[in-house]
Amino acid sequence: MKESGSVSRSELELFAEEVGPEGPVCIVGGRTHWEVGGLPDPSAREVRAPSGIVQVLPDEMMVRVRAGTPLRELIIALEEKGQMIPVDVDQQGSPTIGGALSVGWSSIRRLRWGPIRDLVLEIRYVNAAGKLIKGGAPVVKNVSGFDLPKVFVGSLGTLGCLAEVVLRTQPRPRVAKWIVTEGNPFEIRKQLFRPSSILWDGIKTWVLLEGSGREVQAELACLREHFEEVDAPPHLPKGKRVSLRPSAIKQYATSLAPSSYVAEIGVGLVHLDSNVQSTPPGMALSPLPPGSIVDPALQDGGSDTMRTTSTAEPTLGASLPTPTLAVHKRLKDFFDPMGRLNPGRSLL
Amino acid sequence: MQLASDGFASLVGALQSALDPSRVRSTPIENVLYGRDALGSAGGSAGVVCFPLTTEEVQECVRIAGRYGHPVIPRGSGTGLSGGAVPVPDEGLAPVVIVTTKMNRVIEVDEDERIAWVQPGVLNLDLSRKVAHLGLHFAPDPSSQQACTIGGNVANNSGGPHCLSYGVTSSHVLAVEVVAPDGSVLVLGGLDPEPVGYDLRAAFVGSEGTMGIATRIAVRLTPLPPAVKTVLLGFPTLDSAANTVSRIIATGYVPAAMELMDQRITEAVEEFVHAGLPVDAAAILLVEVDGTEAAVEEAARVVAEIAHDESAISSQIAQDEATRAIWWKARKSAFGALARIAPNYYLHDGVVPRTRLTETLRSVCDIADSFDVTVVNVAHAGDGNLHPIIPYDGRDQDQNERVHEAGNKIAQLCVANGGALSGEHGIGLEKRDLMGVLFGDDDLVEQDRLRLVFDPERIMNPHKVLPEGSRCSEVAQLLARAGKAWA
């Protein structure tokens with residue numbers, strides 16, 4: 001770890017020079033989710049963000065870290081200071097924090113701790129013109145200007161190359177306990193106040209409770225179902241994940257074989273093997289209340305609330321309504337007029 | 001400003017044809033009433049004020065304004081504190097103010113999913129009251145929550161005392177239906193956790209009316225905690241109060257709220273609310289912990305122990321809901337109570353790293369002294385969000401100037417101490433020209449780039465947030481080449 005307080009900008013400036021103002025570039029993290037959004041154009045020059053933890057500030061519940069830092073290194077550094085960020089690391093590969101943010105890969109603990117985008121307080125990135133840009137500020141609460149940091153989360157490196165980020169951290173819970181039960185996951189959610197995660201495979205329900213010892217015990221006392229403690233959550237299928245409004249999971253699960261999936265209850269994500277059919281016909285998942293005039297596709301029960309970040313198949317999402325799609329496209333066009341940032345990758 | 005011309009009369013006529021004429025107003029009274037927001041010190045003039053009821057009516061208003069080339073100013077209850085809703089004429093053209101307060105229906109509440117669709121004019125506290133019987137609430141709770149609208153909360157990414165543990169508005173908004181500056185209707189975000197495309201919802205929340213007008217909002221509802229304990233602590237010094245805040249965080253407990261008030265504001269509030277506040281203390285802290293019964297007992301004990309260790313001169317735990325309610329009323333009435341000190345006040349909203357709160361508050365007092373003005377302090381101490389308030393007499397021009405110069409110095413101080421210009425009130429007009437203190441020229445151009453994604457014609461709430469010189473010429477050239485192709 002670098003000495004506390006030493007913020008060497010030259011490393012970031014060197015990265016900006018490497019990205020430069022011309023020619024297609026492709027930013028590389030740990031390649032653990034490399035196919036998300038499509039493979040980059042082979043002509044693109046590969047660049048890597050700087051690595052290293054600049055400052056861990058437990059009193060501020062913040063960390064400043066270079067985007068190329070391996071997630072494991074970051075997690076360990078935070079643990080040493082009694083802090084944590086809710087991110088998951090696979091057993092295989094070496095994902096980076098910049099990669100996790102670019103893909104928008106939220107933790108299975110999102111139910112309590114929120115999506116990964118809510119961690120980001122400040123970003124420094126290299127824009128399409130090769131300039132180093134700052135967005136946000138290193139404070140936990142800030143409305144000084146537009147929220148560029150959150151817009152970059154999940155943008156697959158198509159708007160700029162993340163160089164450094166400031167993240168909000170949390171005190172590491174003193175107790176973390178996984179339990180498993182055959183109880184109804186939707187009822188379990190109602191019984192608990194702050195579960196960190198509720199996972200369901202159609203038969204069993206896994207629950208993560210975190211906090212002080214008394215806090216976890218108090219939550220367990222609220223459970224009406226029989227349960228057993230386990231060491232870890234179930235294995236998550238890695239093929240693809242489907243994003244649904246949380247209440248749609250129950251209906252969606254009826255089309256799947258039990259144990260062929262793991263659903264995040266209260267969140268709306270379903271993890272599937274790549275060979276599982278993931279768009280049952282006839283599903284109506286309107287994200288808008290009745291009477292909306294917004295777009296015919298949604299009124300027809302279109303499935304734009306469903307997408308996968310699959311390694312095996314393209315995005316399932318129906319097309320966005322035309323005016324909304326136009327704004328998404330303008331965002332890309334205005335931030336990358338030459339189309340040089342991660343060409344070949346697309347969110348749309 | 002163009003008010004009396006044939007063109008303006010034609011604009012008003014077109015708006016009156018689109019809406020009920022009684023909901024399109026352009027008398028001098030409305031020009032003045034809707035010419036300001038709660039900042040007070042910045043005034044504009046509303047050309048014509050519209051009160052739509054539906055998304056379609058908002059669309060009509062925006063399209064008509066666009067057809068006549070007039071700027072559009074979105075407005076909720078006007079409780080904003082940065083001049084964000086002040087109508088500023090653009091190239092002499094009178095602004096069309098679109099007020100969303102009559103769009104005040106809670107459209108749908110999904111108890112199981114803990115989501116509500118609301119129109120933008122629903123008052124913040126009204127939504128929480130409406131869903132309280134379901135054991136739910138809307139977590140962002142700005143002090144103005146009895147009057148401010150959820151549309152306004154979205155525009156400003158509002159905070160409030162309980163955002164320390166629950167997060168600000170952006171964390172509680174899932175999707176927004178927006179009337180874009182060209183009159184089209186957008187849907188940003190979604191009820192699912194990973195909606196397709198870029199997170200345009202995040203761009204829109206906190207954009208201060210520069211990117212469109214929210215017409216329906218899907219908000220996340222948060223369970224009411226099974227147990228709450230509220231602790232009121234009095235300290236002999238400001239330092240000991242601030243140290244207590246840092247030490248509580250260091251233990252790993254993150255309270256739901258930690259609010260600080262200095263002695264002068266405590267005295268003013270106590271005279272007004274009669275809440276039993278310890279007026280002999282140099283500073284008080286209102287700390288609230290929530291969760292399960294066992295967890296709050298434990299957390300409240302830790303808070304009390306740390307406060308005792310920091311020489312607290314008084315420590316009380318609210319024994320009933322009535323006591324808790326009056327303590328919170330005292331905290332949330334702080335700004336109003338200042339009328340007992342002076343007819344006007346200038347409220348700041350800087351934010352600094354939590355550990356630099358004490359030194360920043362000291363420096364704030366030094367700045368006040370150097371400009372010969374009085375300052376009182378309220379702070380969301382857990383977030384490092386300070387609200388120095390300078391009471392003054394706005395009729396005195398000399399005082400006016402000194403107060404605003406002191407204000408600029410305080411904002412610059414927050415940035416110099418590693419913080420930012422605004423924690424929750426926004427930039428608006430008030431701090432627009434200070435944005436260069438926090439950001440470089442290229443950073444500001446990049447923010448303008450984002451704004452232009454939504455509003456290439458710059459008709460929506462012009463002259464707000466970004467300094468006039470921060471214009472993205474690259475996008476302007478792209479637009480010039482493409483003509484309307486991007487629309």
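Protein chains get the first letters and strands the later ones, always in sequence-line order, with residue 1 at the start of each.
With a 4.5 Å cut-off on non-hydrogen atoms, A:R194 touches chain B through its side chain but not through its backbone. Heavy-atom distances place the side chain of A:D118, and not its backbone, under 4.5 Å from chain B. With a 4.5 angstrom heavy-atom cutoff, A:P115 does not touch chain B via any of its atoms. Contacts of B:T355 with chain A are made by both backbone and side-chain atoms, with heavy-atom separations under 4.5 Å. Only the side chain of A:K131 comes within contact range of chain B, with heavy atoms under 4.5 Å apart. With a threshold of 4.5 angstrom between heavy atoms, A:Q217 does not approach chain B through any atom at all. Looking at A:R174, only its side chain comes within 4.5 Å of chain B, counting heavy atoms on both sides. Within the 4.5 angstrom heavy-atom criterion, only side-chain atoms of B:N385, from C-beta onward, approach chain A. Interface remark: B:N156 contributes backbone atoms only to the contact with chain A (heavy atom separation under 4.5 Å). Residue B:N417 does not touch chain A at all, counting heavy-atom pairs closer than 4.5 Å. The contact between B:V351 and chain A is made by backbone and side chain atoms together, counting heavy-atom distances below 4.5 Å. For a residue to count as touching a neighbouring chain, one of its non-hydrogen atoms must lie under 4.5 Å from one of that chain's; by this rule B:E208 touches chain A with the side chain only. Both the backbone and the side chain of A:V143 come within contact range of chain B, judged by heavy atoms closer than 4.5 Å. When heavy atoms are compared at a cutoff of 4.5 Å, B:L452 approaches chain A by way of both its backbone and its side chain. Only the backbone of B:H425 comes within contact range of chain A, with heavy atoms under 4.5 Å apart. For a residue to count as touching a neighbouring chain, one of its non-hydrogen atoms must lie under 4.5 Å from one of that chain's; by this rule A:F152 does not touch chain B. For B:V352, the part lying near chain A is the backbone, with the side chain staying farther off; criterion is any non-hydrogen pair under 4.5 Å. When heavy atoms are compared at a cutoff of 4.5 Å, B:T54 does not approach chain A at all.
Interface check for chain A: of the options B:R247, B:R356, B:R201, B:R432, the most heavy-atom pairs under 4.5 Å are formed by B:R201. Taking A:L156, A:V140, A:N142 one by one and counting their heavy-atom pairs under 4.5 Å with chain B, the maximum is reached by A:N142. Here A:G145 is the residue among A:P149, A:G135, A:G136, A:G145 with the most heavy-atom pairs under 4.5 Å with chain B. Comparing B:G206, B:S171, B:G440 by how many heavy-atom pairs each has under 4.5 Å with chain A, the most go to B:S171.
With sequence neighbours excluded, the residues that form a side chain to side chain contact (heavy atoms under 4.5 Å, CB included) with B:E111 are B:L134.
Checked by atom type, the side-chain pair A:S243/B:E194 shows no donor-acceptor distance below 3.5 Å. The closest side-chain donor-acceptor pair between B:T215 and B:E177 falls under 3.5 angstrom.
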